[in-house]
Amino acid sequence: MATDKSSLQLVANGILKENPIFKLALSMCPAVGISTTVINGLMLGTAVLFVQVFSSVTISLLKNFIHPRIRIPTYTLTIATWVTVIDLSLAAYFPAAYAKMGIFVKIIVAFAIITMRLEMFACKEPVKSSFWDGLGMGLGFMVGMVVIGFVRELLGSGAILGYDVLGFKPLLFFILPSAGFFVVGLMMGFFNWIETYYAERKKR
Amino acid sequence: MRGRQKITVYILFLLVMGSCGLAQAAGLVSDTEFGADNEIVVQFSIPVDREVAGDPENYTVYEESDPDIRLPITAVSLSSDGTEAILSFADPLNTTAKHIVTATGIGGVEQSTFSVSKSYFGYLLSILLSALIINNFVFTKYLGLCVFFGTSKRKETAKGMGVVFTIVIVVAVSMSWVLYQYILKPFSLDYLQIVIFIGLTSLTVQAVDTVLRKVNPILFKSFGVYLVLVIANCVIIAVPLLMASNGYNYFETFMLSLGAGGGFLLALYLMSSVSERVELAKVPPSFKGLPIAFIVAGQFAMAFLGFSGLQLF
């Protein structure tokens with residue numbers, strides 16, 4: 001029962017229609033915890049992208065050999081293996097960025113979004129569409145993290161990617177760790193408002 | 001009733017043992033403790049010579065972990081009967097570390113070395129309290145948010161999820177400790193941490209599921225749904241990783257996992273109490289549901305910031 005969507009549609013679905021952060025509201029921990037700068041969001045987004053794509057492809061390849069009763073532990077162990085691979089590679093090649101992200105790389109293993117995609121998509125669909133779906137979800141997560149990081153960095157420290165663009169700091173509060181909740185909440189509300197606004201305009 | 005009395009007696013016994021941990025056994029120095037932020041209080045068993053004991057030059061103090069860094073003493077004040085000396089330091093001391101004090105020529109003894117540390121029981125309690133409130137995993141470390149927002153709409157759900165989570169995390173982390181201490185560490189298999197810890201957690205969840213289903217079907221009916229959610233909670237993997245990186249022993253690990261579970265329960269309960277009220281309030285339509293929950297959680301996080309730096313023991 002292959003999906004009838006094209007690869008491009010699958011990717012777009014992950015970024016817009018089922019965005020893991022703003023629409024599905026899954027994997028919120030990093031979105032609140034370490035999204036203080038664009039570069040942090042980009043790094044963790046890349047890590048999640050890799051884990052999601054590799055796990056989706058692995059499960060999709062092995063789907064005929066996995067007994068349905070033990071599928072959840074199998075998913076967990078598959079994800080854990082790929083997270084270990086990413087964790088060790090990041091620690092070896094990007095030690096500075098890895099130190100900044102702290103424990104968040106390791107806890108990718110418990111991110112609900114990855115398990116959910118394996119359960120909903122990869123265990124039923126062929127390898128090719130699983131790959132594109134994983135890519136879409138990973139990119140969607142990355143885009144969400146970068147957008148939150150952009151807002152927080154711009155308003156909190158007046159900079160983008162570490163370059164000072166505004167010359168002053170509009171709202172220092174946004175760079176504080178606990179402000180992550182406020183930023184995510186306000187942005188979700190803002191996107192909801194845009195959505196209802198356009199839906200109303202379409203009706204008229 | 002009798003069981004409860006037994007537990008009370010046991011707790012009292014532990015408290016007494018804990019406070020005895022402060023006492024020093026040997027000769028000249030009868031008791032040491034941390035005073036204010038930058039003070040060490042030393043009790044002598046006999047009155048000592050004011051000239052010698054009052055001179056800061058006669059003491060050297062360092063933390064047990066870095067013997068090379070001597071902590072500078074600014075003043076020593078002796079009590080009027082000469083049995084108590086208060087050493088004042090230039091900077092606040094790190095009271096979680098064990099400090100070694102060497103005194104020269106005091107009370108006629110050429111050199112006496114003694115240690116100052118907080119009682120072990122107090123240290124364990126401070127780990128529990130830290131995980132519970134000061135470093136609450138939800139509000140100050142931002143972990144476990146997916147499950148947190150999913151199950152904090154009703155008080156009943158919040159309690160169920162919190163209790164199930166606490167049980168699973170204590171069991172799973174205890175097993176992780178045994179495996180880490182006796183298999184991963186001796187054979188240098190540290191890189192398998194993630195796989196082992198998450199695998200053990202899924203095993204625990206599966207085991208609790210099976211046992212509960214057979215032993216107490218009524219309890220299973222009300223709590224079974226939360227078991228699946230436990231595995232999607234980041235706290236469950238963060239706690240064993242913390243345990244491994246801090247090199248905790250079993251009691252410390254137990255306290256950490258208990259504190260993490262209890263802290264999650266506390267956060268869920270607080271949040272659900274607010275959520276039930278928010279439902280009756282007039283919230284702008286685009287903020288209904290998750291966005292307002294995030295803003296409420298942000299306010300909780302700011303309130304919990306007030307606990308940072310708190311030290312009780």
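All chains are named by letter (A, B, ...) in the order of the sequence lines, taking the proteins before the strands, and each is independently numbered beginning at 1. Scope of the values below: all heavy atoms of this structure, side chains included, with no hydrogens, waters or symmetry mates. What you see is a predicted model; the values in this text were computed from it and never measured.
Each of A:Val105, A:Ile79, A:Asp87, A:Leu77 was scored for a side-chain contact (heavy atoms from CB on, under 4.5 Å) with B:Ile194, with one residue passing: A:Asp87.
Here the side chains of B:Phe294 and A:Met187 are not in contact, with every heavy-atom distance at 4.5 Å or above. Considering only heavy atoms from C-beta on, B:Met302 comes within 4.5 Å of A:Phe182 through its side chain. Inter-residue side-chain proximity for B:Pro285 and A:Thr196 is flagged as unmet; no heavy-atom pair is nearer than 4.5 Å.
Contact of B:Val235 with chain A is not made at all, since no heavy-atom distance falls under 4.5 Å. Contacts between A:Tyr197 and chain B at a heavy-atom distance below 4.5 Å are absent for every atom of the residue. Looking at B:Ser286, both its backbone and its side chain come within 4.5 Å of chain A, counting heavy atoms on both sides. Heavy atoms closer than 4.5 Å to chain B are found in the side chain of A:Ile103, but not in its backbone. Heavy atoms of B:Leu305 lying under 4.5 Å from chain A belong exclusively to its side chain. In this structure, no portion of B:Phe300 lies under 4.5 Å from any heavy atom of chain A. In this structure, chain B has a heavy atom under 4.5 Å from the side chain of A:Phe104, while its backbone stays farther away. Using a 4.5 Å cut-off between heavy atoms, A:Leu186 touches chain B through backbone and side chain atoms alike. For B:Leu241, the part sitting under 4.5 Å from any heavy atom of chain A is the side chain, from C-beta outward, and nothing else. Within the 4.5 angstrom heavy-atom criterion, only side-chain atoms of B:Gln206, from C-beta onward, approach chain A. With a 4.5 Å cut-off on non-hydrogen atoms, A:Thr84 touches chain B through its backbone and its side chain both.
Note on A:Asn192, A:Ile194, A:Ile113: by heavy-atom pairs under 4.5 Å with chain B, the leading option is A:Asn192. For the set B:Gly150, B:Gly199, B:Cys234, the count of heavy-atom pairs under 4.5 angstrom toward chain A peaks at B:Cys234.
Contact between B:Ala301 and A:Ser178 at its shortest, heavy atoms only, is CB-CB, 3.7 Å. A:Cys29 approaches B:Tyr142 most closely through the heavy-atom pair CB-O, 3.2 Å.
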